[in-house]
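Note sheet for the following structure.
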Protein chains: 2
Amino acid sequence: MGRRLSICNSIDDCDLAVLANESSRMTVADGRSFIEEGAPAHDFFVVTGGRVKLFTLLPDGRRQITGFAEGGDFLGLAASTSYAFGAEALGSATLCRFPHAGMQRLTERFPSLEHRLREEASRELALMQARMTLLGRKTARERVATFLIERCTHLDRPDPTRPVELDLPMPRTDIADYLGLTIETVSRILSAFKKEKLISIRSITHITLLMPERISTIAEGME
Amino acid sequence: MGRRLSICNSIDDCDLAVLANESSRMTVADGRSFIEEGAPAHDFFVVTGGRVKLFTLLPDGRRQITGFAEGGDFLGLAASTSYAFGAEALGSATLCRFPHAGMQRLTERFPSLEHRLREEASRELALMQARMTLLGRKTARERVATFLIERCTHLDRPDPTRPVELDLPMPRTDIADYLGLTIETVSRILSAFKKEKLISIRSITHITLLMPERISTIAEGME
DNA sequence: TACCAGACTTGATTCAGGTCAAGGTGATGG
DNA sequence: CCATCACCTTGACCTGAATCAAGTCTGGTA
């Protein structure tokens with residue numbers, strides 16, 4: 001989680017080779033897990049390509065997806081000694097891994113990085129606050145609307161009243177587990193939005209918001 | 001949010017007077033709000049006495065309490081330019097206020113403070129992750145059980161199999177808004193726990209967990 | 001000691017979303 | 001070009017928690 005932590009931003013006046021020294025690249029195949037919830041936390045990660053999902057599990061298998069991460073996003077802040085979440089590639093993804101020890105050397109060398117990390121954690125905290133409100137207090141319709149709007153805030157849409165094309169790379173199961181709903185409910189609500197001409201569904205992964213501002217209104221619970 | 005950030009821990013070898021210089025004490029009366037959601041964020045706060053609740057609101061008044069904070073807890077990390085949450089005293093509370101500018105002077109003077117703040121944000125992130133699972137995937141029974149266990153993790157209980165006395169200083173409304181339930185549901189479930197001899201209710205604010213380990217089991221969804 | 005107001009509990013009923021059960025759809029491979 | 005499989009949609013029904021509606025308890029006041 002954490003958008004565009006071009007980690008370099010805080011050290012761009014310095015030696016990038018040092019950064020490279022402390023990190024290693026890795027590729028994770030579709031569906032492969034690379035962080036195990038509860039496992040001892042040794043590394044931070046930066047997503048450099050593709051997408052990743054973060055989740056927590058209950059013993060009986062119920063799953064809550066706590067976030068999706070993509071290029072530039074930072075993973076591992078929500079971890080002290082052990083990871084508070086699991087992570088898995090959504091499609092194939094590439095990552096940059098920073099062992100904690102190396103990270104510490106980096107923050108010592110570039111103190112502003114520490115500040116950058118805190119900023120990132122703060123941004124993430126604010127997002128989570130909103131997500132708690134979604135999960136605790138919003139209706140299914142509001143949740144799906146919020147999800148769609150969230151997705152298009154990722155892109156910098158030019159005009160909020162014009163249609164926006166969205167790409168939903170994650171299966172319905174993941175959307176459901178992200179929103180605290182079932183796949184059936186997600187599916188039904190997307191169909192309802194289609195019937196109401198709020199969206200059009202070109203294909204499973206490709207949706208157009210026909211009236212983004214109306215969807216925003218629904219998302220905020222102002223129907 | 002953020003437990004026992006004795007902010008001084010990271011600068012205890014230094015001049016405490018500097019810290020005092022950058023902060024001011026304040027007292028907030030019961031029910032009084034001191035952080036307005038969405039308002040420009042100028043300060044960090046440390047709770048020095050009493051309790052505080054943090055929340056976000058939907059336009060129609062639905063409320064999600066995102067956390068309770070008490071002595072030593074740190075507020076304001078989930079804020080960049082504007083606060084992502086509102087805050088209100090639960091009973092009368094005392095706070096230490098650190099304007100951002102002063103905070104910056106402090107982190108410049110005591111670099112380890114920056115690290116401390118990130119640590120705090122991380123801890124908070126991990127907690128929120130768990131809370132998202134609660135709100136998205138747990139049943140009402142599991143939520144109330146989790147809440148009770150959370151409350152007694154605050155104290156350092158000596159023996160998990162022995163009864164634990166708890167004090168719930170917040171009204172049922174707050175518990176409900178924290179757990180994403182209604183007050184009626186919270187009340188019914190507490191009554192059910194009482195009937196099942198899992199807890200005893202001495203008074204509204206004073207509850208004893210008779211079988212903490214069974215309540216833990218319920219909390220984890222392993223009934 | 002009785003009264004009152006606010007907070008909590010309990011009960012009856014409703015309903016949003018879950019569960020269960022068929023179908024559809026579209027990408028892949030034979 | 002069809003079969004297969006995984007994923008998605010749709011429908012019928014059910015249920016957990018919300019809503020609506022009385023009570024009840026508590027602590028403060030006089």
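In this text, all values refer to a predicted model and were calculated from it rather than measured experimentally. We name chains A, B, ... by the order of the sequence lines, and we start the count at 1 in each one. The basis for the numbers below is simple: all heavy atoms, side chains too, and nothing from hydrogens, waters or symmetry mates.
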Return no unless some side-chain N or O of [X] is found under 4.0 Å from OP1 or OP2 of [N].
X        : N      : result
A/Thr173 : D/dC7  : no
B/Thr185 : D/dA18 : yes
A/Thr182 : C/dG17 : no
B/Thr139 : D/dG16 : no
B/Arg172 : C/dT9  : yes

Could you check whether any side-chain N or O of A/Glu37 sits under 3.5 Å from a backbone N or O of A/Leu57, counting only pairs where one atom can act as donor and the other as acceptor?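 Between the backbone of A/Leu57 and the side chain of A/Glu37 there is a qualifying donor-acceptor contact (under 3.5 Å).
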
Side chain of B/Arg188 only, heavy atoms from C-beta on: which candidate in C/dC8, C/dG18, C/dT10 is closest?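 Looking only at heavy atoms from C-beta outward on B/Arg188, the closest nucleotide is C/dT10.
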
Is B/Arg118 salt-bridged to A/Glu119, going by a charged N under 4.0 Å from an acidic O?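 Salt bridge: no.
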
Rounded to the Å, how far apart are [X] [atom1] and [N] [atom2]?
X        : N      : atom1 : atom2 : result
A/Arg137 : D/dA18 : CZ    : C1'   : 10 Å
A/Glu184 : C/dA16 : CD    : P     : 18 Å
A/Leu135 : C/dG17 : CG    : P     : 13 Å
A/Asp30  : D/dC7  : CG    : C1'   : 14 Å
A/Ile201 : D/dC8  : CD1   : C1'   : 10 Å
B/Lys138 : D/dG16 : NZ    : P     : 18 Å
B/Ile183 : D/dA17 : CD1   : C1'   : 14 Å
B/Ile207 : C/dC8  : CD1   : C1'   : 12 Å

Closest nucleotide of DNA chain D for A/Ser187 versus for B/Ser203: which of these residues is on the 5' side?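 Result: A/Ser187.
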
Using the benzene-type ring in the case of Trp, are the ring centres of A/Phe85 and A/Phe55 under 6.0 Å apart?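 No, ring centres 6.0 Å or more apart.
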
Pair A/Thr56-A/Gln64, side-chain donor/acceptor within less than 3.5 Å: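 No - no donor-acceptor pair under 3.5 Å links their side chains.
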
For B/Phe45 and B/Tyr83, take the angle between the two ring planes, folded into 0 to 90°, and tell me which bin it lands in: parallel under 30, tilted 30 to 60, perpendicular over 60.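 Rings of B/Phe45 and B/Tyr83: tilted, 30 to 60°.
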
A/Leu181 vs A/Ile204, nearer the 5' end of DNA chain C by closest nucleotide: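 Here A/Leu181 is the residue nearer the 5' end.
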
